[in-house]
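A, B, ... follow the sequence lines: proteins, then strands. Residue 1 opens every chain.
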2 protein chains.
Amino acid sequence: MYGSHEHAHCVEEAINTASRICDERGLRFTGLRRRVLELIWENHGSAKAYDLLENLGGDYSAKPPTVYRTLDFLQENGLVHKINSLNAYVGCSHPLQHKDCFFLICSACNEVEECCGTAMADALRDMTAKQDFKPDHTTLEIEGRCHDCQAGVQ
Amino acid sequence: MYGSHEHAHCVEEAINTASRICDERGLRFTGLRRRVLELIWENHGSAKAYDLLENLGGDYSAKPPTVYRTLDFLQENGLVHKINSLNAYVGCSHPLQHKDCFFLICSACNEVEECCGTAMADALRDMTAKQDFKPDHTTLEIEGRCHDCQAGVQ
DNA sequence: TGAGTTATGTAATAATATAACATTTCTTGG
DNA sequence: CCAAGAAATGTTATATTATTACATAACTCA
């Protein structure tokens with residue numbers, strides 16, 4: 001799974017970054033928040049709310065609001081994104097810098113890659129400016145096949 | 001509502017176009033399908049599945065599968081789009097030509113404008129090509145304020 | 001006409017998400 | 001330290017969105 005890549009490292013790094021960001025902003029990175037973020041990062045795809053709920057384990061009383069509130073917190077603080085086309089959640093890959101980001105979702109391996117290239121953001125800005133539309137939030141999700149999953153599919 | 005624009009005309013035109021398209025493709029544009037498409041076009045915003053269900057009226061037995069199947073048919077044939085960020089459905093403005101289209105959603109008046117500009121499509125193609133990602137379907141939904149709803153908001 | 005196909009009806013339930021209120025835990029000024 | 005307020009979590013109930021599975025009806029066309 002995931003080639004030779006030692007994924008535990010990603011998880012650890014994401015948690016450390018999140019912890020640091022919360023410290024800097026005076027937010028509480030509680031056990032529950034840490035646990036949910038860990039679960040989300042524990043695969044390269046996206047996590048569904050009710051799967052998180054099932055896997056919380058430990059001391060956490062698993063009821064939907066527990067998870068949805070935690071997801072809200074993580075989203076508000078830019079640590080997690082919701083993928084609307086999947087009703088699922090992914091960890092944010094660059095929780096500090098990005099403004100507009102978008103997602104490449106591989107329908108074969110289910111990995112979700114977050115992209116923050118400026119070219120797309122520029123094109124979006126141009127387009128909305130042309131229509132005199134003032135954007136607040138952009139959902140850009142592209143489903144298809146990643147490089148690795150195109151082999152043998154022509 | 002909707003300024004001086006006589007909206008019944010939009011609805012009628014959309015229905016006529018849909019009917020023609022179905023004829024050309026050997027598809028059955030049944031009473032139910034016509035009715036659902038009418039309801040969807042009866043406002044400029046988007047329609048929710050369960051609201052359609054409530055408003056079917058007439059002879060239609062209103063159970064969820066009735067509506068979802070009809071929405072599936074309309075989507076498959078490019079007559080309707082789902083707006084994932086709203087869990088809602090809009091009529092397609094150009095059911096014949098478009099490939100990649102995207103949506104400007106005004107959070108003040110709830111109108112949804114469908115755009116099919118090539119500039120965005122080009123930017124998307126460039127971006128995915130650069131990552132060697134083969135796109136099958138793109139969700140691009142921009143929520144914000146339309147021209148008319150920016151007055152007085154600075 | 002009637003056999004096969006397509007569309008719709010119906011019942012049950014799955015999957016996703018929120019509201020409202022209770023309790024616990026943390027923080028911080030005194 | 002300690003109590004009061006704030007923030008987080010627990011709990012119950014329910015709302016919203018969507019699908020599965022099977023039955024019936026309506027169309028099509030040989």
Side-chain angles (χ1 to χ4, degrees), chain A residues 18-19 21-40 45-77 79-90 110 139 141, chain B residues 18-19 21-40 45-77 79-90 110 139 141:
Chain A
S19 177
I21 288 173
C22 288
D23 276 0
E24 287 167 9
R25 297 183 187 167
L27 303 167
R28 287 160 61 187
F29 194 54
T30 62
L32 178 59
R33 290 166 178 174
R34 171 187 301 262
R35 180 74 186 120
V36 168
L37 191 58
E38 266 172 23
L39 287 172
I40 288 175
S46 56
K48 312 276 275 179
Y50 276 72
D51 291 339
L52 294 171
L53 201 48
E54 273 183 5
N55 293 299
L56 273 183
D59 302 331
Y60 305 108
S61 175
K63 301 284 161 53
T66 302
V67 156
Y68 283 104
R69 273 191 298 232
T70 306
L71 288 170
D72 286 347
F73 171 88
L74 295 171
Q75 285 176 265
E76 278 160 14
N77 293 290
L79 300 170
V80 154
H81 298 288
K82 178 171 185 182
I83 307 294
N84 285 307
S85 56
L86 302 175
N87 291 326
Y89 304 83
V90 294
N110 297 312
T139 296
E141 299 164 5
Chain B
S19 177
I21 288 173
C22 288
D23 277 1
E24 287 167 10
R25 298 183 188 168
L27 302 167
R28 289 160 60 188
F29 194 54
T30 62
L32 178 61
R33 289 167 178 174
R34 171 187 301 263
R35 179 74 185 121
V36 169
L37 192 57
E38 266 171 22
L39 287 173
I40 288 174
S46 55
K48 310 278 276 179
Y50 276 72
D51 291 338
L52 295 170
L53 202 47
E54 273 184 5
N55 292 300
L56 273 182
D59 301 331
Y60 304 107
S61 176
K63 301 284 162 53
T66 302
V67 155
Y68 282 105
R69 274 190 299 231
T70 306
L71 289 170
D72 286 347
F73 171 87
L74 296 171
Q75 285 176 264
E76 278 160 16
N77 293 290
L79 301 170
V80 153
H81 298 289
K82 178 170 184 181
I83 307 295
N84 284 309
S85 56
L86 301 175
N87 292 325
Y89 303 84
V90 295
N110 296 311
T139 296
E141 300 163 3

Between [N] and [X], is there an OP1 or OP2 to side-chain N/O distance shorter than 4.0 Å?
X	N	value
A/Lys48	C/dT16	yes
A/Tyr68	D/dT16	no
A/Thr30	D/dA8	no
A/Tyr60	D/dA8	no

Between A/Lys82 and B/Phe73, who's closer to the 5' end of DNA chain C by nearest nucleotide?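 Per heavy-atom nearest nucleotide, the more 5' residue is B/Phe73.
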How do B/Asp59 and A/Arg28 order along DNA chain C: which one's closest nucleotide is nearer the 5' end?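 Residue closer to the 5' terminus by nearest nucleotide: B/Asp59.
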Would you indicate whether the side-chain heavy atoms of [Y] and [X] approach each other to under 4.5 Å?
X	Y	result
B/Phe73	B/Leu27	yes
A/Leu37	A/Thr70	no
A/Asn77	A/Ile21	no
A/Lys82	A/Asn87	yes

Testing the basics here: between B/Ile40 and B/Leu71, what is the closest heavy-atom pair and its distance to 0.1 Å?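 Taking every non-hydrogen atom into account, CD1-CD2, 3.7 Å.
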May I ask you to say what B/Arg33 touches in the nucleic acid, namely base, sugar-phosphate or nothing, with a heavy-atom cut-off under 4.0 Å?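 Sugar-phosphate contact only - B/Arg33 comes under 4.0 Å of backbone atoms but never of a base.
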Select base, sugar-phosphate, or nothing to describe what B/Thr66 touches, counting heavy atoms under 4.0 Å on all strands.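 Base contact - B/Thr66 has a heavy atom under 4.0 Å of at least one base atom.
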Could you give the [atom1]-to-[atom2] distance, from [X] to [N], as a whole number of Å?
X	N	atom1	atom2	result
A/Asn87	C/dT16	CG	P	6 Å
B/Tyr50	D/dT14	OH	P	18 Å
A/Arg34	D/dT9	CZ	P	13 Å
A/Lys63	C/dA19	NZ	C1'	16 Å
B/Leu56	C/dT10	CG	P	13 Å
B/Asp72	D/dT20	CG	P	10 Å
B/Phe29	C/dA7	CZ	C1'	15 Å
B/Glu54	D/dT16	CD	P	10 Å

Listed nucleotide nearest any side-chain atom of A/Arg69, set D/dT11, D/dA18, D/dC22: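 Selected nucleotide (nearest to the side chain): D/dT11.
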Of the listed nucleotides (C/dT16, D/dT19, D/dA18), which one gets closest to any side-chain atom of B/Pro65?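 The answer is D/dT19.
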